[in-house]
Amino acid sequence: MKEVVLSGIRATGNLHLGNYFGALSKFVRMQDDYDSLFFIADLHALTTHPDPKTLHGNVKNIMAEYLAAGIDPERATIFVQSDVPEVSELYLLMNMHVGIGELMRTASFKDKARKQLGIRNDATEGDIEQEIIGTNSNKRVNAGLLTYPTLMAVDILIQKANKVPVGKDQEQHLELTRRFARRFNSFYGVELFPEPENFNFGDHAVKVPGLDGSGKMGKSEGNCIYLIDDEKTLRKKVMRAVTDEGPKEPGLPLSQPVENLITLMELTSAPEVVQHYRDAYADCSIRYGDMKKQLAEDILKITLPIRERILDIRNDDEYLARVARMGAEKARERAAATLAQVREIMGITKFY
Ligand code: ADP
Ligand code: TRP
């Protein structure tokens, strides 16, 4: 029997190169060798209170982007998270085995809570806790944000997934998922949930950098190249990417902004092209204008065909509905089977 792979992306906007290399391209390459399920996490998007109309549109958009990138609904199950209500029920049951403390210590929670509360970057766990539960505090962090990892674990465990292709930023959530699976299995003395692991084609999880010289490419960072970007927009973004003033002497290590561009090149350009620019930096002959032109060209080779397919598929409401319906049916059937087992194990069964 094939191993099960499952992954999802939150419905928070168009997909960018970070999503593509961190997640989506792996989905496409895995769909033949695994029993595959890929979904759109609309419930997770609620943790940050999106505008309802925008959320509704984003779900459809992401489905079109999945299909345009090459996920084949005949080979993989593509579905919308909220189409599987069994997930919400298992989320309630699983929360009975999840500690508030372990959720509060999750990096993504601390980060988002800090932002929602408007407190300093260097605030300690104690400071955050005081802001949240202190009697003087009138600020609120929603409980959905705290229990985000429970919901993610349930997405994975309800399908008994073995492999979960995600970017580096999601590894802590996977670690929690394994912990919850182990805890449930040992508490009830069952072997119900497998312990899932990340999946990469190379030897480590990918982190796609942004164009602004700093950290990762991300929707909230405003430093993204989107799969849907047209040629002109994309070239402009790449040409404006932050660099440095040029290497001052031969043999210096790459500065952070230039290293970011080289990382993007490693994902999109031929190895000899990357080597050429590494050498040019080392001997101070590098011209950033040329490098960016080349990079834009190589990114476009990947994104333009996808963009064209997105535009086509996005308008085909009937096709999108068919895919969603088919996916929901398959995903629900499997989820319902797991939920029935969990109810039985936990004693939530009818007495009449
Ligand atoms: P964003 O960070 O833009 O909000 P999501 O959190 O919705 O994106 O991420 C969806 C998937 O894409 C996850 O598997 C995540 O790990 C991956 N991902 C997002 N940004 C990057 C990035 N810059 N590098 C690698 N993977 C990424
Ligand atoms: N938390 C993931 C992200 O921000 C999205 C997600 C929700 C997910 N449930 C999942 C990813 C289950 C993999 C498996 O990107």
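Small disclaimer: the values here were computed from a predicted structure and weren't measured. Each residue takes its place number in the sequence, starting with 1.
By the 4.0 Å N-to-carboxylate-O rule, Arg343 lies close enough to Glu89 to be salt-bridged with it. Salt-bridge annotation for Asp312 and Arg309: absent, with no side-chain N of the basic residue lying under 4.0 Å from a carboxylate O of the acidic one. A salt bridge does not link Glu102 with Arg105: every distance from a Lys NZ or Arg NE/NH1/NH2 to an Asp or Glu carboxylate oxygen is 4.0 Å or more. A salt bridge links Glu197 with Lys163: at least one charged nitrogen is closer than 4.0 Å to a carboxylate oxygen.
For the pairing with Phe39, the side-chain contact (heavy atoms from CB on, under 4.5 Å) check across Asp155, Val80, Ile78, Ile62 returns one residue only, Asp155. Looking at Val238, Leu300, Ile262 one by one, the single match for side-chain contact (heavy atoms from CB on, under 4.5 Å) with Leu295 turns out to be Val238.
Under the ring pair (Phe, Tyr, Trp, His ring centres under 6.0 Å) criterion, the residue pairs touching residues 147-182 are His44-Tyr148, Tyr148-His173, with sequence neighbours excluded. Counting only residues at least two apart or on different chains, no salt bridge (Lys or Arg N to Asp or Glu O under 4.0 Å) pair has a member in residues 144-153. Listed by first then second residue, pairs satisfying salt bridge (Lys or Arg N to Asp or Glu O under 4.0 Å) with a partner in residues 265-286 read Glu266-Arg278, not counting sequence neighbours.
Taking the side chain to side chain contact (heavy atoms under 4.5 Å, CB included) definition, one finds that Glu344 meets it with Thr349, sequence neighbours left out. In this structure Ser269 satisfies the side chain to side chain contact (heavy atoms under 4.5 Å, CB included) test together with Met265, Val273, Val274, Asp298, sequence neighbours excluded. Not counting sequence neighbours, the partners of Glu245 by the salt bridge (charged side-chain N to carboxylate O under 4.0 Å, His left out) test are Lys248. For the salt bridge (charged side-chain N to carboxylate O under 4.0 Å, His left out) test, residues two or more places apart in sequence or in another chain that qualify with Asp32 are Arg75. Shown here are the salt bridge (charged side-chain N to carboxylate O under 4.0 Å, His left out) partners of Arg182, two or more places apart in sequence or in another chain: Glu195. Under the salt bridge (charged side-chain N to carboxylate O under 4.0 Å, His left out) criterion, Arg29 pairs with no residue, sequence neighbours left out. Residues satisfying the side chain to side chain contact (heavy atoms under 4.5 Å, CB included) criterion with Pro257, sequence neighbours excluded, are Val242, Ser255. Listed by chain and number, the residues in a ring pair (Phe, Tyr, Trp, His ring centres under 6.0 Å) with Tyr20 amount to none (sequence neighbours excluded).
Between the side chains of Lys26 and Gln31, no donor N or O sits under 3.5 Å from an acceptor N or O. Residues Asp244 and Tyr281 bring a donor and an acceptor atom of their side chains to less than 3.5 Å of each other. When only modelled atom types and interatomic distance are considered, Asn260 and Gln256 share a side-chain donor-acceptor pair under 3.5 Å. Judged purely by distance below 3.5 Å, without hydrogens or angles, the side chains of Asp230 and Thr233 pair a donor atom with an acceptor atom. Between the side chains of Asp127 and Thr124, at least one donor N or O lies within less than 3.5 Å of an accepting N or O.
In this structure, Asp83 contributes its side chain and Phe79 its backbone to no donor-acceptor pair below 3.5 Å.
More than 12 heavy atoms of other residues, nucleotides or ligands lie within 6.0 Å of NZ in Lys330, so this atom counts as buried by the packing criterion.
Here Tyr352 sits in one hydrophobic cluster together with Phe351; the rule is ILVMFWY side chains under 4.5 Å apart, joined directly or through other members.
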